[in-house]
Colleague: 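Mind having a look at this structure? Questions to follow.
Just so we're on the same page: letters track the sequence lines, and every chain starts at 1.
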Amino acid sequence: MKSFNNVGAIFKREIAGYFGSPVAYVFIVIFLVLLGFFTFYISRFFEVGQADLRNFFEWHPWIFLFLIPAVAMRLWSEERRMGTIELILTFPITLAEAILGKFLAAWAFIGIALFLTFPMVITVTYLGSPDIGPVFCAYLGSFLSAGAFLSVGIMTSSFTRSQVISFILSVIICLFFILAGYPPVTDVMAGWAPNWMLDLISNLGFLSHSISIERGVLDFRDLLYYFSVIFFMLFVNGIVIQNRKAS
Amino acid sequence: MHKIEVKNITKYFGAKKAVDDITFTVEKGEILGFLGPNGAGKSTTMRMITGFIPPSDGTAVIGGSDIIEDSIAAREKIGYLPENAPVYPDMTVVGYLDFCSEIRGFSGGERKKKVEETIEKCFLTEVKYQTIGTLSKGFRQRVCFAQSIIHDPEYLILDEPTDGLDPNQKHEVRLMIRRMSAEKVIILSTHILEEMDAVCNRAIIIANGKIVSDSTPSDLRAKSPVHGAVSLTLRGTDPEKFLSFVQEINGVKTAKLIKKDTDAFKVRIFPENKDTPIADRIISGVSENKYELKSVFVEQGRLDEVFRTITTSDQ
Ligand SMILES: Nc1ncnc2c1ncn2[C@@H]1O[C@H](COP(=O)(O)OP(=O)(O)O)[C@@H](O)[C@H]1O
Ligand SMILES: [Mg+2]
């Protein structure tokens with residue numbers, strides 16, 4: 001109960017922080033504009049046909065790649081730069097509660113941005129095949145991969161007091177996770193790499209997991225994958241903060 | 001139980017020993033001034049006591065709770081004002097204090113009351129709804145101070161609490177600290193000697209990570225070479241004659257000319273023994289011999305001098 005309150009207090013402060021600054025609204029607008037642009041313009045342009053939900057969701061990871069590190073970069077860097085980390089870590093709360101509160105707040109913020117894309121989905125499904133089950137699954141997949149990207153971002157932001165460095169590191173790591181399952185890359189690797197290695201690498205990647213969820217297949221292993229990635233990144237985040245304090 | 005015990009606390013940063021085996025106990029009602037030149041290790045020690053950084057060796061026990069073994073319980077009892085008073089610039093004063101009291105476990109009406117009380121106590125009413133980032137340094141300092149006392153902690157640790165305040169604000173904060181002191185254990189760090197003198201009833205001086213002195217401010221002052229000396233300003237033009245006269249007085253060790261003007265001069269007279277007052281004898285001697293006395297002053301000792309001697313002799 002007490003733990004719940006502590007996470008809640010951190011969560012509320014962070015969420016209020018997002019919506020108290022214009023950056024949040026700018027972020028949401030950029031997200032929506034980019035997504036609309038890619039879905040309705042670029043995809044259409046290539047496929048010369050009807051827009052389809054897959055066009056809409058397949059752009060998410062690429063947009064997340066840049067926008068989520070931008071959301072996450074301030075999470076610890078800013079506390080470090082302002083010195084407020086000294087307050088947070090001397091409050092009677094555990095480090096896990098602080099990390100979880102911050103992470104959940106940022107994730108909820110991205111969830112809200114995702115939710116606002118709903119009108120776009122309605123437009124697309126109106127043009128294509130309307131089917132609510134797969135749409136829900138696709139959103140879930142997108143939300144989960146957003147969580148995974150975010151966990152990378154919050155981890156890199158614990159490395160440094162510079163938001164820029166945190167951003168770059170996190171983009172690089174997320175790019176690795178995307179490319180690990182990206183067909184053009186796996187195809188090239190198939191030429192020389194053994195099968196087990198291909199499997200391992202594409203299983204580590206975000207795409208192979210989000211694609212199956214987005215196709216409407218809710219596999220326990222995919223969920224487990226996302227939660228393991230998130231847990232691992234947050235755990236490393238904790239260790240980094242713990243050791244930074246010591247030095 | 002009601003005390004802070006610091007036991008053999010030590011901190012290495014790489015190969016550098018920032019805090020070197022510090023041990024002391026502070027009891028309820030004590031306001032301990034933590035003094036030392038910049039880089040002496042004051043902040044590092046406080047950061048270890050509050051659990052922000054783990055000690056390389058030793059520990060601190062706050063009201064019976066070990067800051068390492070039983071960290072959350074220990075942190076619950078502490079109010080902490082870190083150096084430079086960090087605050088969240090994007091929050092309003094009331095929002096920030098509400099957050100802090102929520103973290104401290106208050107909810108509902110009680111939380112509201114705590115926030116209101118603290119805002120009043122720290123003279124923040126006029127900026128209550130203002131964003132902290134737009135406040136002056138003095139107000140920000142007080143907002144962070146408010147954060148440290150919002151849960152009425154028994155143990156208060158203040159790292160340079162009056163840094164960046166103007167003289168009036170300094171005075172107010174010092175009064176506040178004194179007012180709270182009866183029921184609390186307070187440790188505050190400062191490099192301002194007059195501050196230690198005005199608020200503290202005990203002073204620990206550290207230099208290069210080690211305790212070099214632990215006493216009361218007045219004992220500290222008594223270590224000054226000028227402690228107990230009498231300074232006189234007299235009208236006249238012949239100080240040498242006066243010096244030889246005054247040296248004959250019983251109990252006087254030496255006398256020194258400090259300053260000579262056209263029609264007046266100032267001398268300082270040192271006693272044989274610091275604890276036997278010589279002022280009355282000197283004054284009666286002066287008036288018997290018809291010297292014209294302009295001012296007389298018994299030196300209490302100069303803290304800055306003592307501070308300098310103590311913190312530089314031990315290099
Ligand atoms: N995080 C750190 N890493 C390395 N050295 C540090 C760190 N923090 C403090 N120091 C060093 O430890 C010494 C004590 O610093 P500090 O406790 O801040 O002194 P004070 O508060 O008395 O001015 C200084 O020499 C400082 O440079
Ligand atoms: Mg300091």
Colleague: Can you tell which of A:Ile10, A:Ile88, A:Asn6, A:Asn5 has the highest number of heavy-atom pairs within less than 4.5 Å of chain B?
Modeller: A:Ile10
Colleague: For the pair A:Phe167 and A:Phe66, name the ring-plane relationship: parallel under 30°, tilted 30 to 60°, perpendicular over 60°.
Modeller: tilted
Colleague: Classify the ring geometry between A:Phe31 and A:Phe27 as parallel (under 30°), tilted (30 to 60°) or perpendicular (over 60°).
Modeller: parallel
Colleague: Measuring heavy-atom distances to chain B, does A:Thr90 have an atom under 4.5 Å in its side chain, in its backbone, in both, or in neither?
Modeller: both
Colleague: So, A:Glu14 and A:Lys102, do they make that salt bridge, N to O below 4.0 Å?
Modeller: yes
Colleague: Please tell me if the side chains of B:Ile187 and B:Thr45 come closer than 4.5 Å, counting only heavy atoms from C-beta onward.
Modeller: no
Colleague: Does this structure show an ion pair linking A:Arg81 with A:Glu78, if we count only N-O contacts that are shorter than 4.0 Å?
Modeller: yes
Colleague: Select one option (side chain, backbone, both, neither) describing which atoms of A:Glu97 are under 4.5 Å from chain B's heavy atoms.
Modeller: neither
Colleague: Under 30°, 30 to 60°, or over 60°: which ring-plane class applies to B:Phe99 and A:Phe91, parallel, tilted or perpendicular?
Modeller: perpendicular
Colleague: Tell me whether the rings of A:Phe231 and A:Phe235 are parallel (<30°), tilted (30 to 60°) or perpendicular (>60°).
Modeller: parallel
Colleague: Can you label the angle between the A:Phe57 ring and the A:Tyr139 ring as parallel, tilted or perpendicular, going by 30° and 60°?
Modeller: perpendicular
Colleague: Could you tell me which residues in residues 78-93 of chain B have at least one non-hydrogen atom under 4.5 Å from a non-hydrogen atom of chain A, sorted by residue number?
Modeller: B:Tyr80, B:Pro82, B:Pro86, B:Val87, B:Tyr88, B:Pro89, B:Asp90, B:Met91
Colleague: Tell me the residues of residues 140-156 of chain A whose non-hydrogen atoms fall below 4.5 Å from those of chain B, in number order.
Modeller: none
